[in-house]
Amino acid sequence: MTMDLFSQFASTTSLGIPLILLAMLVPWLLFPTYFGHWVNNRLLTSQNWFLTMFTKQIFLPLNSPAHKWAYLLASLMAFLLSMNLLGLLPYTFTPTTQLSINLGLAIPLWLATVLLGFRNQLNHSLAHFLPEGTPTPLIPVLIMIETISLFIRPLALGVRLTANLTAGHLLIHLISSAVSAIFSLSPSASLLTFAVLILLTILEIAVAMIQAYVFVLLLSLYLQENT
């Protein structure tokens, strides 16, 4: 039972090739392309509206130097959102349930923001490690705490996304298994459980969208500190 429960998070292979690469490529293939027409269709218009609103909301509090990251963070948001939502479809694999994938996205982007701060404003970045007016005996302790908190940030990004999506998938798997298991014993209880499953699925759609947004929002906050 335990192996069956967690086997959904194992990346399958075909001819020795991990299909996780295909799962990460499919979201990009589903995005509509521009054809240079004067009038776009509804799908392209909706996509433009979403990316415009998202970019405005994320970059409104940021300084002008941080606006160079608009294309990168908007693409990351669309990528995470599409992978999270496609992973809720039956018989699909969600790459964002893998901690290695999430850390592979979080660590380089976090490191880029830190290096950007050290390059552009070294004194201001180093000042975060030691607040002004700190008593002398507490200086080594505070520097150690601030250093640990800095290096925990990418781990928190990756673990938060992985844990929330994994927990949701496990709940859906358990409740869907209970629907079929108790149908022969009590059809009314099975229908009630199925209603709970529908509500949980709606909740997981919201969680998939929120977690993609939170991932990018925290990266923008790290960028704001270093620009």
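When a residue number appears, it is its place in the shown sequence, counting from 1. Atom set for the values below is all heavy atoms of this structure, side chains included, hydrogens, waters and symmetry mates excluded.
- One distance of note links CG of Leu115 with CG of Leu111; it measures 4.5 Å at 0.5 Å rounding.
- At least one side-chain heavy atom of Thr113 sits less than 4.5 Å from a side-chain heavy atom of Trp69.
- Pro140 approaches Pro137 most closely through the heavy-atom pair CD-O, 3.7 Å.
- Note: the hydrophobic cluster containing Leu165 does not contain Leu103 (ILVMFWY, side chain heavy atoms under 4.5 Å, direct or indirect links).
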Might you work through the side-chain contact (heavy atoms from CB on, under 4.5 Å) test for Leu161 and Leu99, ending with a clear yes or no?
-> CA-CA 8 Å; Leu161 182 59; Leu99 185 60; over 6 Å; no
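- Interatomic distance, CG of Leu219 versus CG of Leu76, reported as 6.5 Å (0.5 Å rounding).
- Tracing side-chain contacts under 4.5 Å through hydrophobic residues (I, L, V, M, F, W, Y), one never reaches Leu200 starting from Leu192; they form parts of separate clusters.
- Side-chain contact check for Leu223 versus Leu109: every heavy-atom pair is 4.5 Å or farther apart.
- Rounding to the nearest 0.5 Å places CZ of Phe79 at 14.5 Å from CG of Leu73.
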List the steps, then state whether side-chain contact (heavy atoms from CB on, under 4.5 Å) holds for Phe183 with Phe194.
-> CA-CA 10 Å; Phe183 182 78; Phe194 181 75; over 6 Å; no
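- Within 6.0 Å of CZ on Phe118 lie more than 12 heavy atoms contributed by other residues, nucleotides or ligands.
- Contact detail for Pro154 and Ala106: the closest heavy-atom pair is O-CB, 3.7 Å.
- The distance from the CD1 atom of Ile172 to the OG atom of Ser177 is 11.5 Å, given to the nearest 0.5 Å.
- A distance of 12.0 Å separates CD1 of Ile198 from OG1 of Thr193, quoted to the nearest 0.5 Å.
- For residues 56-72, no pair satisfies salt bridge (charged side-chain N to carboxylate O under 4.0 Å, His left out), with sequence neighbours left out.
- Note on residues 137-163: pairs passing side-chain hydrogen bond (donor to acceptor under 3.5 Å, both in side chains), not counting sequence neighbours, are Asn102-Thr162, Arg153-Glu225.
- Contact annotation: the side chain of Leu88 approaches that of His169 to within less than 4.5 Å [non-hydrogen atoms, C-beta and beyond].
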side-chain contact (heavy atoms from CB on, under 4.5 Å) between Leu150 and Trp110, intermediate numbers included = CA-CA 10 Å; Leu150 178 65; Trp110 163 83; 3.9 Å; yes
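- In the hydrophobic clustering, where aliphatic and aromatic side chains (Ile, Leu, Val, Met, Phe, Trp, Tyr) are joined below 4.5 Å either directly or transitively, Leu191 stands alone.
- The side-chain heavy atoms of Ser220 and Leu217, taken from C-beta on, include a pair separated by under 4.5 Å.
- Checking side-chain atoms of Thr97 against main-chain N and O of Thr166 turns up no donor-acceptor pair under 3.5 Å.
- In this structure the side chain of Ile210 never reaches within 4.5 angstrom of the side chain of Asn164, judged on heavy atoms.
- The two residues Ala208 and Leu85 make their nearest non-hydrogen contact at CB-CD2, 3.9 Å.
- For Tyr213, the OH atom counts as densely surrounded, since its 6.0 Å shell holds more than 12 non-hydrogen atoms of other residues, nucleotides or ligands.
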Mind running side-chain contact (heavy atoms from CB on, under 4.5 Å) on Tyr222 and Leu116 for me, showing each step along the way?
-> CA-CA 11 Å; Tyr222 301 157; Leu116 184 65; over 6 Å; no
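- A heavy-atom distance below 4.5 Å is not found between the side chains of Met209 and Asn84.
- Inter-residue side-chain proximity for Leu80 and Leu105 is flagged as met; some heavy-atom pair is nearer than 4.5 Å.
- Under the 4.5 Å side-chain heavy-atom criterion for Ile, Leu, Val, Met, Phe, Trp and Tyr, Val141 and Ile152 are members of distinct hydrophobic clusters.
- Residues Leu155 and Met144 do not share a hydrophobic cluster, clusters being chains of Ile/Leu/Val/Met/Phe/Trp/Tyr side chains in contact below 4.5 Å.
- Ile143 and Ile145 are members of different hydrophobic clusters when ILVMFWY side chains are connected at heavy-atom separations under 4.5 Å.
- The structure places CG of Leu197 at 12.0 Å from NE2 of His173, a figure rounded to the nearest 0.5 Å.
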